[in-house]
Amino acid sequence: MAEDQYPALDFDPFSDEFLTDPYPFHERLREAGPVVWLERYRVWGMARHRQVNAALMNWEAFSSAAGVGLSNFNKEKPWRTPSIILEADPPLHTRTHKILTRALSPMSLHSLRADFEHEAERLVEELVERVTFDGVADLARAYPLKIFPDALGIAPEGREALLAYGEMVFNAFGPRNERFERSMANAAAVTAAITAMCERDALDPSGIGAQVYRSVEEGVISYDEARLLVRSLLSAGLDTTVSAIGNALYLLARNVGEWRTLRDNPQLVRTAFDEALRLESPVQTFFRTTTRAFEVEGVRIPEGDKVLLFYGAANRDPRRWIDPNRFDIRRRGGGHVAFGTGVHRCVGEALSRIEGECILSALAARVKSLALDGKPKLRLNNTLRGFETMGLTVKT
Ligand code: 4IA
C-alpha cells in the first residue's frame with residue numbers, strides 16, 4: 001500500500017448490530033488490514049492479534065493517560081475523576097499498580113479461597129435442587145455479587161449500586177450513545193453510593209479495601225488516592241467477572257462434548273475458563289491515544305489520535321490460533337489478550353480466576369448435564385460482552 005493509504009470502514013462498533021454479533025465485523029476488520037480508519041468516530045482501529053498485542057506492550061507510544069475510551073481527556077472533560085491506574089501512564093501508574101498488585105497478591109488471596117469454594121458449592125447445590133434456573137441472575141451475577149464485595153470488605157447494604165456503577169463505567173468507554181445515556185439515568189445517586197463505599201471507615205479492616213489504605217499509613221499514597229484505588233477495584237472487579245462466568249456457562253452449555261470433557265477431567269477448569277475468556281472476551285475493546293506519530297505496517301498514525309483495539313477480534317485471529325472459533329477447553333499456551341497485556345495487564349486476574357474456577361469446579365463435581373433453555377439474552381454494553389438472562393437446566 002502506498003504511503004498514507006489505508007482502509008476506511010464506516011461501521012459503528014458500538015451499535016446494537018455490531019455488539020449483538022461482533023464476529024463477522026471482526027473478520028472484516030482483520031481482513032481489511034493491520035490498521036484501519038473508522039470513519040464514524042474518526043479513530044484508528046486494530047483487530048489483528050499481532051498489532052493489538054504490540055500496541056498494548058507499548059505504553060510510551062500508546063498512552064492510557066488521555067483515557068482508554070473514545071473520549072480524549074486532553075480535549076473533553078472526563079465524566080468522572082480519572083482512574084489513577086487505568087487512565088494513567090508510568091510513573092504514576094507504576095506507583096498505583098504496585099499497591100493493587102500487593103493487595104491482590106497470591107498471599108492476600110490465599111485466605112479467600114476456602115470461602116470462595118464454599119460459597120460456590122453452596123450456590124451450586126441450591127441450583128441443582130431447583131433443576132431450572134437463570135444462569136445469569138442466579139449464578140453468574142449472584143456469585144461475584146456475594147463474594148467480591150465480601151472480599152473487599154464492603155457492607156452488605158446497598159450493593160445493587162455496584163452493578164449500576166459498572167454499567168456506567170463500561171458504557172462510558174464508548175460514545176455518548178443511547179446506551180450510555182440510559183445507564184447514566186441514576187448517575188448522581190449511584191456515584192454517591194459508590195463514593196461512600198470507598199471511604200476507609202466504610203471498609204471492614206480485614207478486607208482488600210482496607211489493605212489499600214495501609215499504603216496511606218506507609219506514606220506511599222494520599223488518602224484521596226487510596227479512595228480512588230478502592231473505586232478502581234469496585235469499577236473493574238464485578239461486571240467483568242459476571243460476564244466471564246456467564247460467558248463460560250454459555251459456552252459449556254452449548255458444547256456438550258466440552259462439558260463432558262470438563263466433568264470427566266475437572267483438572268481442566270483453568271484452561272476451560274481461560275478458553276472461555278479467549279472466545280467470548282468480557283472486555284471487547286479499549287482505546288489508546290498516540291503520544292507521537294507512529295507507523296504500523298506502512299500506515300502513519302499521527303500524534304494525539306485515538307486507536308481502538310479490538311481484544312475480542314485479536315482473540316479469534318486465525319493468524320494466531322488454529323480453528324479460532326472453536327471452543328476447545330484443552331487449548332493451552334495462553335496468549336489471548338482478554339486480560340490485556342503489558343503494564344496495564346489486569347491486576348485482578350488471579351482473583352477472577354479463583355472465582356471462575358470455583359464455579360466451574362463446583363458444577364463439574366455436581367452436574368452431569370447442563371443445557372440452555374431457549375436462546376439466552378445478551379446484555380449489550382459499549383465495552384463488555386455478556387448475558388442478561390440465560391435459562392439453564394441441570395441434571396445430576
Ligand atoms: C478503574 C479494564 C477494566 C476492567 C477496568 C475498569 C475500571 C478501572 C480499571 C480497569 O476504574 O480503575
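This is a predicted model, so every value here is computed, not measured. Ligands are counted one by one from 1 in listed order, and the atoms in each one are counted from 1 as well.
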Q) Just one of His336, Arg332, Arg331 clears the side-chain hydrogen bond (donor to acceptor under 3.5 Å, both in side chains) bar with Asp274, so which one? A) His336
**Q.** Protein contact to atom 2 (C) of ligand 1 [nearest heavy atom, distance to 0.1 Å]
**A.** Phe286 CE1, 3.3 Å
Q | Heavy-atom pair with the smallest gap, counting every atom of Cys198 and Leu203 | A | O-CD1, 4.0 Å
(Q) Checking a contact table here: which protein heavy atom is nearest atom 1 (C) of ligand 1, and how many Å away? (A) Ser232 OG, 3.3 Å
Q: For Ile85, counting its heavy atoms only, list the atoms of ligand 1 lying under 4.0 Å from any of them.
A: 12 (O)
Q | For Ser83, atoms of ligand 1 separated by under 4.0 Å from a heavy atom | A | 1 (C), 11 (O), 12 (O)
Q: Answer yes or no: is there an ion pair linking Glu217 with Arg200, defined by an N-O contact shorter than 4.0 Å?
A: yes
Q) Hey, are Glu129 and Arg122 close enough for a salt bridge, meaning a charged N less than 4.0 Å from a carboxylate O? A) no
Q. Going by the order shown, which atoms of ligand 1 are within less than 4.0 Å of some heavy atom of Phe170?
A. 3 (C), 4 (C), 6 (C)
Q: Report yes or no: does a heavy atom of Val283 sit under 4.0 Å from some atom of ligand 1?
A: no
Q.
Looking only at the side chains, is there a donor atom on one of Arg179 and Asn171 sitting less than 3.5 Å from an acceptor on the other?
A. no
Q) Under 4.0 Å from any heavy atom of Thr240, which atoms of ligand 1 are there? A) 4 (C)
Q: Would you confirm whether Asp12, through its side chain, and Arg40, through its main-chain N or O, come within 3.5 Å as a donor-acceptor pair?
A: no
Q) Any chance the side chains of Arg227 and Thr81 put a donor and an acceptor closer than 3.5 Å? A) no
Q: Distance to 0.1 Å, residue and atom name: give those for the protein heavy atom nearest to atom 6 (C) of ligand 1.
A: Ala236 CB, 3.8 Å
Q: Can you sort out which atoms of ligand 1 are near Ser235, meaning under 4.0 Å from one of its heavy atoms?
A: 7 (C), 11 (O)
Q: Taking only Lys NZ, Arg NE, NH1 and NH2, and the carboxylate oxygens of Asp or Glu, determine whether Glu167 and Arg379 approach each other closer than 4.0 Å.
A: yes
(Q) Students should be able to answer this: which protein heavy-atom is nearest to atom 11 (O) of ligand 1, and at what distance? (A) Arg80 NH2, 2.8 Å
Q | Nearest non-hydrogen protein atom, atom 8 (C) of ligand 1 | A | Leu86 CD2, 3.7 Å
